[in-house]
*Asks:* 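Take this structure, written in structure tokens, and hold onto it; I'll ask about it next.
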Amino acid sequence: MTGSRRERDLELYFHIPFCRQKCNYCDFLSAPAGEQVQNAYMEALLRETEAGSGMARDRVVRSVFIGGGTPSVVDTVWLCRVLDLVRRRFDLAADAEITVEINPGTVTERDLKDYREAGINRLSIGCQSADDRELAFLGRIHDYSRFEDTCRMARDAGFDNINVDLISALPGQTLEEWEKNLRTVLSLSPAPEHLSVYSLILEEGTVFWERYEKGMLEPVDEDLERDMYWRTARILREAGYEHYEISNYARPGYRCRHNCGYWQRTDYLGFGIGAASLLDNVRFRNGESLQGYLSDPLGCRQDREELTAQEQMAETMFLGLRMADGVSLSVFQDTYGADAEEIYRDAIEGSCREGLLAVQDGRIFLTKRGVDLANYVMAKFV
Amino acid sequence: MASIDQSKIRNFCIVAHIDHGKSTLADRIIEMTGLLTSREMQAQVLDNMDLERERGITIKAQAVRTVYKAKNGEEYIFNLIDTPGHVDFNYEVSRSLAACDGAILVVDAAQGIEAQTLANVYLALDHDLDVFPVINKIDLPSADPQRVIEEIEDVIGIEAQDAPLISAKNGVNVEEVLEQIVAKIPAPGGSPDNPLQALIFDSLYDSYKGVIIFCRIMEGKVKKGTSIRMMATGAVEEVVEVGYFGAGRFIPCDELSAGMVGYITASIKNVKDTAVGDTVTDNDNPCREPLPGYKKVQSMVYCGMYPADGARYPDLRDALEKLQLNDASLNYEPETSVALGFGFRCGFLGLLHLEIIQERLEREYNLDLVTTAPGVVYKVHKTNGEVIELTNPSNLPDPSEIEYMEEPIVNAEIMVTSEFIGSIMELCQERRGRYLGMEYIEGTRALLKYELPLNEIIYDFFDALKSRSRGYASFDYDIKGYEESRLVKLDILINREEVDALSFIVHADSAYERGRKMCEKLKDEIPRHLFEIPIQAAVGGKVIARETVKAMRKDVLAKCYGGDITRKKKLLEKQKEGKKRMRQIGNVEIPQKAFMSVLKLDDRK
């Protein structure tokens with residue numbers, strides 16, 4: 001790729017750190033908050049965005065992602081104002097992908113219509129499970145029928161690009177139970193264009209972690225977890241989805257452009273607490289303190305890290321390998337003026353020998369076994 | 001300096017069980033004799049090394065001289081000689097005691113007499129020291145001084161009715177201790193006119209002065225220019241400087257004479273020449289015979305020490321060399337391991353000594369070490385009549401060449417409250433102990449006597465003892481000698497390859513149990529690989545236990561979005577770093593800590 005186009009591309013991420021209620025597995029930067037705090041935060045977010053737009057001169061914004069938390073818990077007006085500001089201050093491409101994360105039960109028909117009007121063209125809905133018992137166990141605020149309602153409303157409002165998040169490998173879950181979950185979601189009409197399916201990870205600082213520490217929660221056995229993973233891959237492939245990234249599936253043409261940008265190292269600017277950015281090979285992120293942000297939304301940037309050429313290449317490899325397409329040798333050559341096969345000879349040859357990596361048609365990608373052991377392979381490239 | 005009145009000198013030490021307040025009392029004595037202002041007082045003046053302070057154990061004997069103006073108006077010179085508090089350093093303790101004329105016995109008012117109290121006080125009495133007791137920690141709510149006084153009289157048989165009841169921590173009644181030092185500890189004997197006879201109780205290497213000899217002058221005198229001879233090692237040097245010990249400082253003086261405690265420097269390059277217990281005499285006017293009690297220090301425990309990064313082998317060698325300058329009881333010689341590369345087989349007085357050296361190497365010399373299982377010195381009697389002292393299990397001759405083997409045995413005394421006698425006896429049985437007897441100290445406490453093989457107590461005996469008695473048992477031992485024993489070499493095979501660094505010698509009856517535990521432990525320590533890894537324990541080529549490390553099935557992060565990338569990169573870097581710190585055996589990578597974690601095998605914790 002000749003660079004110029006990709007080099008000018010930019011993605012925007014807005015972090016909304018609020019939710020109705022913290023889920024038992026969630027370690028994201030989010031918490032319930034009153035309207036006053038929300039309003040103050042959104043004001044600060046607008047200020048930071050306005051100021052930060054200076055960094056995006058000559059850039060074309062290809063995607064906007066409003067994530068959280070649950071962005072849909074804040075008044076819709078705020079989301080509209082954010083997008084207004086983006087239009088005024090950035091060069092937003094006409095065909096930009098604009099995603100908002102929502103949770104069932106946090107949006108009305110009116111909200112969804114307003115989202116459409118504000119230009120939001122993709123929804124990511126946190127469903128997590130199709131089983132009400134599991135939903136309660138996860139600490140979700142909704143049951144499955146509420147999710148179905150939300151989906152229907154979204155379709156009615158005109159959304160034709162919907163992602164659904166699901167979590168597999170819940171403690172005590174059987175392979176059959178999981179498969180039933182997945183098939184239930186697939187039976188939606190129309191079925192989601194995109195699915196993100198994650199295996200449950202026990203993270204420190206969550207309710208689940210506490211239970212796990214006390215021995216009250218038994219994580220799913222590794223073998224079962226892998227069986228669920230590959231069962232998912234098979235079912236979704238049969239249903240016409242591309243397994244385009246370790247945990248992501250899409251109908252042809254519906255890959256999440258925003259996330260693909262992360263894995264292909266497109267530049268992005270993040271706004272809001274904890275939000276990370278990559279700009280001209282510098283990574284930085286905002287501090288996580290809400291108070292600090294409210295008092296000075298422009299002054300909490302930290303952890304600035306300039307990436308050396310070697311680090312850039314390493315990122316290209318380990319992020320690129322997350323995708324089924326893997327890393328294109330010619331793109332690598334164009335970007336760095338170097339031959340990936342030469343630079344990573346030992347890592348590539350070793351992993352190929354171990355059956356974890358393959359090189360084909362000018363691309364390096366993980367084999368099936370390689371996906372299971374992705375970290376083991378990726379560690380060889382850093 | 002004006003000549004010192006010998007009758008006004010008091011040379012003494014403090015003996016106590018660990019944690020009964022020896023160092024705190026020493027601090028108070030130094031403080032109250034006024035040599036130091038409170039500002040100069042570090043928490044514990046006598047413990048010089050950081051490490052000692054952290055572990056709360058005095059490692060090297062040291063001394064301090066203070067001046068006390070007694071109630072009778074006279075000024076007395078106190079030489080307080082500190083003694084190491086651990087059984088590993090028993091010989092050093094005995095030489096420090098020999099430099100004293102009396103001892104203060106500190107007993108905790110709540111705990112009463114413990115195993116080390118007894119061991120130390122008997123050692124002091126053996127050296128003909130006048131011992132007077134002090135009851136410390138009377139400020140504790142659980143203090144019961146009257147009971148402790150009776151215990152001291154009943155068990156040790158020394159007068160204790162007028163023992164000062166003190167709180168060294170709060171400075172309560174310490175004055176009384178000072179007065180009793182004057183009254184109850186005899187002035188030193190000896191005559192300055194006799195030929196020089198001085199006892200070395202410690203030495204220290206200083207890069208400017210060379211070796212500094214810590215000594216007690218028994219007879220005669222020594223000053224700058226005296227040609228001195230170390231009678232056991234035969235080293236002869238001319239004295240450069242003599243002096244005494246200010247708190248933490250060396251204060252030169254003109255002359256040391258009979259009864260005094262001080263130091264001598266003489267451009268000596270190596271502490272090996274100034275062995276603890278040796279006698280210093282005047283080469284031109286030697287004494288007739290050396291002082292009694294000198295022993296060549298012998299290493300009791302050996303292990304292999306390897307740099308984690310093979311390239312740092314020369315650094316490890318230099319570091320050991322430097323440590324040895326100050327520690328004549330540390331031994332080392334180069335060895336090679338298939339698993340660990342180039343390193344050293346090192347000999348120590350005991351496990352504590354080993355741990356201290358290991359920590360110093362890691363801390364002061366910034367070395368990352370891999371240590372093999374510590375073992376004792378076995379005597380291997382070969383069929384051809386040859387006797388080998390075996391310090392490295394890998395060097396065990398073929399069984400067909402061995403007639404029999406011997407292992408060192410200790411006499412152990414364990415003091416324990418009666419409720420734990422059962423579990424402690426059980427522990428001793430498990431460790432092949434031979435029951436010798438039991439004495440009740442008072443209604444609820446007993447002294448258990450056992451013969452135990454040294455190799456059964458060097459690993460984790462002390463931890464096991466503590467955990468099975470809720471911390472109450474105390475323990476002391478001394479070496480009895482060698483006895484014939486049915487010993488075998490236990491080999492560990494990882495992915496069917498023998499790992500020499502994991503081999504060790506074990507009693508035939510414990511081989512299966514130990515082998516099984518080793519395999520279990522290693523199974524937890526060795527990370528999953530792409531393939532299945534058998535871990536086997538074998539004796540004489542016959543496998544007696546096996547575990548399997550299953551092949552790795554999953555190592556993948558489900559999520560990685562914009563905010564996760566930096567963290568993910570760090571994670572991968574760490575994973576890669578971790579691999580670097582592994583040892584490659586065949587195609588299996590073994591974390592370095594696996595070599596050490598197998599040391600602690602008592603599963604009843």
Side-chain angles (χ1 to χ4, degrees), chain A residues 11 13 15 28-29 65 67 167-169 196-201 221-223 225-226 229 245-248 258-259 261-263 265 268-270 274-278 283-285 303 305 307 311 314-315 318-319 322 354-356 366 369-382, chain B residues 308-310 494-495 497 520 523-535 547-594 603 605:
Chain A
E11 307 191 325
Y13 175 79
H15 190 70
F28 290 130
L29 189 53
F65 197 107
I167 301 180
S168 68
S196 293
V197 187
Y198 307 106
S199 300
L200 179 70
I201 304 171
D221 165 81
E222 228 172 75
D223 290 333
E225 187 275 332
R226 281 296 95 184
Y229 179 87
E245 193 260 359
I246 289 176
S247 304
N248 285 284
H258 188 85
N259 288 341
Y262 290 144
W263 302 315
R265 299 189 72 254
Y268 57 97
L269 286 176
S277 302
L278 169 67
R283 290 195 181 276
F284 51 89
R285 69 189 311 148
D303 299 340
E305 185 195 7
L307 303 172
E311 287 170 318
E315 285 189 2
F318 81 74
L319 292 170
R322 292 192 67 86
E354 292 168 325
L356 304 176
L366 293 173
R369 182 104 204 275
V371 169
D372 288 339
L373 304 175
N375 292 345
Y376 173 85
V377 179
M378 291 169 182
K380 298 183 183 184
F381 291 90
V382 297
Chain B
D309 172 4
I494 293 178
N495 208 19
E497 279 201 48
E520 280 170 12
K523 182 191 170 194
D524 292 340
E525 292 292 341
I526 296 175
R528 290 184 170 197
H529 281 54
L530 296 179
F531 45 87
E532 190 179 282
I533 303 166
I535 299 170
E547 291 283 342
T548 307
V549 178
K550 284 207 291 183
M552 177 162 53
R553 178 81 202 271
K554 180 200 173 193
D555 182 14
V556 53
L557 276 190
K559 286 189 192 188
C560 183
Y561 297 115
D564 308 321
I565 293 168
T566 306
R567 192 169 65 122
K568 163 89 171 163
K569 189 165 53 184
K570 297 239 160 73
L571 223 74
L572 292 172
E573 279 164 4
K574 217 171 133 190
Q575 190 161 350
K576 190 171 188 174
E577 259 323 292
K579 270 178 101 64
K580 273 196 207 152
R581 281 201 301 276
M582 303 252 198
R583 291 287 171 165
Q584 186 94 22
I585 310 281
N587 51 357
V588 178
E589 278 154 348
I590 305 176
Q592 312 208 334
K593 69 179 170 72
D603 45 12
K605 272 177 216 165

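On a predicted model such as this, the values are computed, not experimentally measured, just so you know. The sequence lines fix the lettering, A, B, ..., with proteins before strands; numbering per chain opens at 1.
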*Asks:* Search all heavy atoms of A:S199 against all heavy atoms of B:A558 and return the closest pair with its distance.
*Replies:*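 The pair with the smallest heavy-atom distance is N-CB, 4.2 Å.
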*Asks:* Can you list the residues that meet the salt bridge (Lys or Arg N to Asp or Glu O under 4.0 Å) rule with B:E589, with sequence neighbours excluded?
*Replies:*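 B:E589 satisfies salt bridge (Lys or Arg N to Asp or Glu O under 4.0 Å) with B:K579 only.
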*Asks:* Once you measure the plane-to-plane angle for B:Y561 and A:Y198, does it fall in the parallel (<30°), tilted (30-60°) or perpendicular (>60°) bin?
*Replies:*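 Plane angle over 60°, so perpendicular.
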*Asks:* Apply salt bridge (Lys or Arg N to Asp or Glu O under 4.0 Å) to B:R553 and list each qualifying residue two or more places apart in sequence or on a separate chain.
*Replies:*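 So B:R553 forms a salt bridge (Lys or Arg N to Asp or Glu O under 4.0 Å) with A:D223, A:D227.
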*Asks:* Quick one: what part of A:R226 sits under 4.5 Å from any heavy atom of chain B, side chain, backbone, both or neither?
*Replies:*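 Both parts, backbone and side chain.
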*Asks:* Does a side-chain heavy-atom distance below 4.5 Å link A:D372 with B:M552?
*Replies:*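 No, every pair of side-chain atoms sits at 4.5 Å or beyond.
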*Asks:* What is the distance from atom CD1 of B:I565 to atom CZ of A:R285, rounded to the nearest 0.5 Å?
*Replies:*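 B:I565 CD1 to A:R285 CZ: 10.0 Å, rounded to 0.5 Å.
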*Asks:* Between B:K554 (side chain) and A:E225 (backbone), is there a donor-acceptor pair under 3.5 Å?
*Replies:*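 Looks like no, no N/O pair under 3.5 Å.
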*Asks:* Checking A:L307 against chain B: side chain, backbone, both or neither under 4.5 Å from a heavy atom?
*Replies:*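 The side chain, not the backbone.
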*Asks:* With distance as the sole test, does A:Y13 use its side chain to make a donor-acceptor pair with the main-chain N or O of B:G562 at under 3.5 Å?
*Replies:*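 Absent.
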*Asks:* Between A:V197 and chain B, which part of the residue has a heavy atom less than 4.5 Å away: side chain, backbone, both or neither?
*Replies:*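 Contact with chain B is absent: no heavy atom of A:V197 under 4.5 Å.
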*Asks:* With a 4.5 angstrom heavy-atom cut-off, is it the side chain or the backbone of A:D303 that approaches chain B, or both, or neither?
*Replies:*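 Contact with chain B is absent: no heavy atom of A:D303 under 4.5 Å.
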*Asks:* What part of B:K574 gets closer than 4.5 Å to chain A, counting heavy atoms only: side chain, backbone, both or neither?
*Replies:*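 Interface part for B:K574: neither.
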*Asks:* Sort A:E11 into side chain, backbone, both or neither according to what part of it lies under 4.5 angstrom from a heavy atom of chain B.
*Replies:*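 A:E11 has no heavy atom closer than 4.5 Å to chain B.
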*Asks:* May I ask you to name which of B:D555, B:L571, B:L530, B:L572 has the most heavy-atom pairs under 4.5 Å with chain A?
*Replies:*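 Of the options given, most contacts go to B:D555.
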*Asks:* Looking only at heavy atoms, which two atoms of B:G563 and A:A276 are closest? And how far apart?
*Replies:*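 In terms of heavy atoms, the two residues are closest at CA-CB, 3.8 Å.
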*Asks:* Return the CZ to OG1 distance between A:R283 and B:T566, rounded to the nearest 0.5 Å.
*Replies:*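 Going from the CZ atom of A:R283 to the OG1 atom of B:T566 covers 5.5 Å.
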*Asks:* With rounding to the nearest 0.5 Å, note down the distance linking CD in B:E573 to CD in A:E311.
*Replies:*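 If I round to the nearest 0.5 Å, the distance is 7.0 Å.
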*Asks:* If I measure from the heavy atoms of chain B, does A:L278 come under 4.5 Å with its side chain, its backbone, both, or neither?
*Replies:*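 Contact with chain B is absent: no heavy atom of A:L278 under 4.5 Å.
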*Asks:* Could you look at A:I246 and say if it's the side chain, the backbone, both or neither that has a heavy atom under 4.5 Å from chain B?
*Replies:*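 Side chain only.
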*Asks:* Flag the one option from B:K569, B:K550, B:E577 with the top tally of heavy-atom pairs under 4.5 Å to chain A.
*Replies:*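 The residue among B:K569, B:K550, B:E577 with the greatest pair count is B:K569.
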*Asks:* Are any non-hydrogen side-chain atoms of A:Y229 and B:V556 less than 4.5 angstrom apart?
*Replies:*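 When only atoms from C-beta onward are counted, B:V556 and A:Y229 do not touch, as no gap falls below 4.5 Å.
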*Asks:* Drop me the distance from A:R322's CZ to B:K559's NZ, to the nearest 0.5 angstrom.
*Replies:*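 The CZ atom of A:R322 sits 11.0 Å away from the NZ atom of B:K559.
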*Asks:* What part of A:F28 lies closer than 4.5 angstrom to a heavy atom of chain B: side chain, backbone, both or neither?
*Replies:*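 Just the side chain, heavy atoms under 4.5 Å.
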*Asks:* Identify the two heavy atoms, one from B:K576 and one from A:A379, that lie closest to each other, and give their separation to 0.1 Å.
*Replies:*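 Reported closest heavy-atom pair: CD-O, 3.2 Å.
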